[in-house]
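Reviewing the structure listed below.
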Amino acid sequence: MQVIVTHPTVTTVTTVTTTVGSPTVIGSPRALTQPLGLLRLLELVSTCVAFSLVASAAAWAGPMGNLSMFIWCFCFAMTLVVILVELGGFYARFPLFWHNFPITFACYAALSCLLASIIYPTTYVQFLSHGRTRDHAITATVFCIACVAYTTEVVRMRASPGEIAGYMATDLGLLKVLETFVACIIFVFISSPYLYHSWPALEWCVAVYAICFVLAALTILLSLGHCTNVLPIPFPRFLLGLALLSVTLYATALVLWPLYQFSKKYGAQLWRAVDVSCSDKNPYHVCSWDRRLAVTILTAVNLLAYVGDLVYSAHLVFVNV
């Protein structure tokens, strides 16, 4: 779907004459000398240095260390793909709608690098003894400036009022990225079934996270594939219905999850000190109470994102008609 962005809403159109946010000369080596090209080179170098330093000193361990290493490697590889596709002018042959893909990836990369810059020093670096490994780990953390570069790229490529843009370059599209990213972090924290198998209400919360994630991911895939016209209803109305459903489901999860996880009535521990799993001295272990609290906070964050999504979608449908 192509949209014309008019402050603060978007209007559907059927043709495209311009492209948002890419001042680079696509298909030419001169692309790397433009602001957007220089940003991508900074992203490439910073992620490469980060994972190289960590790998050279084997400075990662545990699930959070492995996750940080994966983030740096994945962002490096995908940034390299984006640069090569645009340098070679292969975007026309790309199986996805290319004008939606770079900003979608940049948004995911910005959030992922931000996550790595938080969890890597807090769950790994602070527990290292002084020496070469610690020095490499600290230096790798400094090179998480990739987060700033990716964020700047998103800001540059984001649709401005009056421009014609793909859905993913709008506020609604970026909210969808945030919603799916937060859901993925929730899945990481609830990867242990014992956190929710004791009560049907908690299993319902897990179902809510999964259903909303699948629907949001489907919306992103439809936009990337330029397939929104296959829907039986207009895309803006589909977005409104999806946002309304997601807000309703997440509201129930925000009530049920903390109620069953932190209430003595349901056999849960109200305070962290009471949870025996939090006495484990393993620095790479995230105890049950911390997992439950993290999921509660992330549920509230995603509910706010879906509320914003609902407001934007309603404005698009009812005000711009």
Side-chain angles (χ1 to χ4, degrees), residues 62-68 71 107-108 110-124 126 147 174-217 242-280 282-311:
M64 295 305 174
N66 292 333
L67 176 61
S68 299
I71 287 173
C107 192
Y108 275 119
L111 293 170
S112 298
C113 288
L114 175 62
L115 177 64
S117 67
I118 295 173
I119 64 173
Y120 185 66
T122 57
T123 64
Y124 186 84
Q126 67 168 323
C147 173
L174 297 178
L175 277 173
K176 280 287 180 287
V177 172
L178 176 63
E179 292 158 6
T180 53
F181 182 81
V182 172
C184 287
I185 302 178
I186 290 176
F187 294 145
V188 171
F189 282 113
I190 61 175
S191 57
S192 301
Y194 69 86
L195 290 176
Y196 54 84
H197 272 182
S198 55
W199 296 99
L202 295 178
E203 293 180 341
W204 163 255
C205 293
V206 175
V208 167
Y209 303 140
I211 292 171
C212 293
F213 170 78
V214 170
L215 292 176
L242 180 59
L244 181 60
L245 174 63
S246 298
V247 167
T248 304
L249 294 178
Y250 257 87
T252 65
L254 186 59
V255 173
L256 294 175
W257 183 268
L259 176 64
Y260 280 81
Q261 295 288 14
F262 298 105
S263 174
K264 289 184 179 180
K265 179 180 179 180
Y266 300 104
Q269 294 88 10
L270 181 60
W271 306 108
R272 187 178 190 273
V274 182
D275 193 335
V276 294
S277 67
C278 293
S279 62
D280 190 349
N282 183 354
Y284 314 124
H285 171 72
V286 181
C287 70
S288 300
W289 195 91
D290 289 343
R291 288 172 180 260
R292 295 184 176 105
L293 178 62
V295 172
T296 301
I297 296 173
L298 292 171
T299 301
V301 170
N302 238 10
L303 178 58
L304 289 176
Y306 278 113
V307 169
D309 195 339
L310 178 62
V311 172

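It should be emphasised that the depicted structure is a prediction, and the values quoted were computed from it without experimental measurement.
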The reported gap from CD1 in Ile71 to CD1 in Ile119 (rounded to nearest 0.5 angstrom) is 5.5 Å
> Any donor and acceptor pair, going by atom type alone, linking the side chain of Ser198 with main-chain N or O of Tyr194 inside 3.5 Å?
Replying inline: no
Heavy atoms of Thr180 and Ala216 approach each other most closely as CG2-CB, 3.5 Å
key: 4.5 Å side-chain heavy-atom contact, Leu115 and Leu111   = no
ask   = Under 3.5 Å, side chain of Gln261 to main-chain N/O of Tyr196, donor-acceptor pair present?
value = no
Output for pair (Glu179 CD, Leu242 CG), nearest 0.5 Å, gives 8.0 Å
Report task. Under the side chain to side chain contact (heavy atoms under 4.5 Å, CB included) rule, what do Leu293 and Phe189 come out as? Steps first, then yes or no, please. Result -> CA-CA 10 Å; Leu293 178 62; Phe189 282 113; over 6 Å; no
Quiz item: Do Tyr209 and Trp257 touch side chain to side chain, with heavy atoms closer than 4.5 Å?
Solution: yes
Minimal heavy-atom distance between Val208 and Thr252, with the atoms involved, is CG2-OG1, 4.2 Å
Rounded to the nearest 0.5 angstrom, the CD1-OG distance for Ile185 and Ser112 is 8.0 Å
In terms of heavy-atom contacts, Ser191 and Pro193 come closest through O-CD, 3.3 Å
d(Cys205 SG, Leu249 CG) to nearest 0.5 Å is 10.5 Å
| query | Mind checking whether Ile211 and Leu215 have side chains closer than 4.5 Å, heavy atoms only? | reply | yes
**Prompt:** Do Thr299 and Ile186 come close enough that some side-chain heavy atom pair is under 4.5 Å?
**Reply:** yes
| request: Classify the angle between the aromatic ring planes of Tyr306 and Tyr250 as parallel (below 30°), tilted (30 to 60°) or perpendicular (above 60°). | output: tilted
Thr248 and Leu244 have their tightest heavy-atom pair at OG1-O, 2.9 Å
Residues Leu174 and Cys107: closest non-hydrogen pair is CD2-SG, 4.0 Å
- Report yes if some heavy atom in the side chain of Thr296 is under 4.5 Å from a heavy atom in the side chain of Phe262; otherwise report no. yes
Closest non-hydrogen contact found for Val182 with Asn302 is CB-OD1, 3.5 Å
So CG of Leu303 and CG of Asp309: to nearest 0.5 Å the spacing works out to 11.5 Å
